[in-house]
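Notes to accompany the following structure.
Note that these values count all heavy atoms, side chains included, but never hydrogens, waters or copies made by symmetry. Counting starts at 1 for both ligands and their atoms, following the listed order.
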Amino acid sequence: MPVEEFVAGWISGALGLVLGHPFDTVKVRLQTQTTYRGIVDCMVKIYRHESLLGFFKGMSFPIASIAVVNSVLFGVYSNTLLLLTATSHQERRAQPPSYMHIFLAGCTGGFLQAYCLAPFDLIKVRLQNQTEPVAQPGSPPPQYQGPVHCAASIFREEGYRGLFRGAWALMLRDTPTMGIYFITYEGLCHQYTPEGQNPSSATVLVAGGFAGIASWVAATPLDVIKSRMQMDGLRRRVYQGVLDCMDNPMSPLARILQWLSSPSGKAQTPSTLQVPPSPRGFVLLGLLPGP
Ligand SMILES: CN(C)C(=N)NCCC[C@H](N)C(=O)O
């Protein structure tokens with residue numbers, strides 16, 4: 001990839017991040033904290049207690065890493081397509097790859113991108129969740145005094161693996177949804193571009209926008225799990241893993257699994273059913289170690 005493309009990608013990615021970060025902060029707070037009644041309440045409270053700067057907490061590491069993370073995504077996507085279809089980037093206009101190949105290449109890009117993104121995303125989420133006003137003289141300092149301090153604290157307290165907390169949920173989120181992203185993008189570009197020509201800037205813009213919407217609609221449930229797991233373990237561990245975090249003890253699935261894993265093997269009526277705090281009935285599936 002030429003240096004100019006890398007720098008252009010960095011600048012455009014960083015610009016998108018600055019515009020989107022305030023909304024991302026509200027999203028992360030609503031996903032992980034129970035004090036807000038909704039989007040507007042959350043925005044008002046952040047503004048009142050933390051000023052405008054509160055919306056931009058945790059933004060520096062994503063800006064610093066966006067170029068590398070995007071290079072991994074697009075580099076892996078392009079090279080996987082090359083492997084699957086044996087056509088170079090230039091040849092692809094004349095011989096478009098199948099949607100199955102585009103999906104598989106997108107999934108591979110999303111999977112590897114998530115691995116690079118995981119530590120940066122963890123630090124972002126931890127900093128976004130600090131509700132202390134930014135730089136108030138006299139007030140107690142927040143737990144993390146910046147991204148480097150946050151990374152060092154996690155490493156000291158939880159080791160190298162601590163920096164990858166929530167990484168599985170992130171990979172589960174990004175693997176299929178980046179496949180969805182590329183399929184939507186390529187499909188729309190193909191639909192609105194005359195045969196043999198390159199898509200216009202307007203087509204690229206609209207296709208990118210719709211691809212982003214489609215992929216985020218699919219990504220949001222696992223995004224909630226990811227954020228909760230990233231915030232887990234600050235004081236004590238609540239979740240044993242992705243499935244445990246997804247599991248709602250009152251859901252029909254949890255009740256069936258609890259019934260299956262009850263020691264006597266006997267059915268319990270729903271009214272007497274006690275769902276243990278952890279690992280909540282997934283033992284029999286062999287997905288988590290037993291208690
Ligand atoms: C549709 N999906 C899941 C994605 N576009 N994934 C990559 C997002 C990376 C971004 N900094 C974020 O986590 O917000």
Side-chain angles (χ1 to χ4, degrees), residues 6 9-32 39 42 55-78 80 102-129 147 150-151 163-189 204-231 242 246:
F6 183 81
W10 195 345
I11 294 172
S12 59
L15 218 82
L17 264 174
V18 174
L19 295 177
H21 198 80
F23 301 104
D24 189 68
T25 303
V26 173
K27 179 202 76 170
V28 168
R29 294 263 179 113
L30 291 173
Q31 286 174 333
T32 54
I39 296 174
C42 181
F55 291 96
F56 292 93
K57 285 176 177 172
M59 197 178 64
S60 52
F61 265 26
I63 288 192
S65 62
I66 185 89
V68 175
V69 171
N70 277 353
S71 304
V72 170
L73 172 67
F74 289 102
V76 172
Y77 170 73
S78 193
T80 310
I102 292 173
F103 181 72
L104 289 176
C107 290
T108 314
F111 180 76
L112 290 172
Q113 172 212 242
Y115 187 77
C116 305
L117 181 65
F120 298 112
D121 194 67
L122 171 73
I123 291 159
K124 173 189 82 79
V125 168
R126 293 264 173 114
L127 293 173
Q128 281 176 316
N129 266 306
C150 178
L163 287 169
F164 283 84
R165 193 178 288 279
W168 273 114
L170 184 63
M171 282 177 192
L172 287 173
R173 183 197 80 176
D174 277 6
T175 303
T177 54
M178 290 322 293
I180 293 174
Y181 177 90
F182 282 106
I183 275 213
T184 314
Y185 176 78
E186 294 292 349
L188 288 173
C189 281
V204 167
L205 197 74
V206 173
F210 277 102
I213 293 171
S215 57
W216 272 110
V217 166
T220 299
L222 268 156
D223 193 52
V224 176
I225 308 291
K226 174 209 69 96
S227 302
R228 298 242 173 123
M229 293 196 66
Q230 286 172 327
M231 288 308 291
V242 174
M246 274 181 191

Please work out which of the three classes, parallel, tilted or perpendicular, describes the rings of Tyr77 and Phe182, given edges at 30° and 60°. parallel

Any luck finding a side-chain donor-acceptor pair between Gln128 and Lys124 under 3.5 Å? yes

Which residues satisfy the side chain to side chain contact (heavy atoms under 4.5 Å, CB included) test with Leu104, sequence neighbours excluded? Leu84, Met100

State whether the number of non-hydrogen atoms from other residues, nucleotides or ligands found under 6.0 Å of Ile213 atom CD1 is greater than 12. yes

So that I know where these two stand, are Tyr185 and Phe210 an aromatic pair - ring centroids less than 6.0 Å apart? no

Protein residues that have a heavy atom under 4.0 Å from any atom of ligand 1, sorted by chain and number: Gln113, Leu117, Asp121, Arg173, Asp174, Thr177, Met178, Ser215, Trp216, Ala219

Student check: side-chain heavy atoms of Lys57 and Thr25 closer than 4.5 Å: no

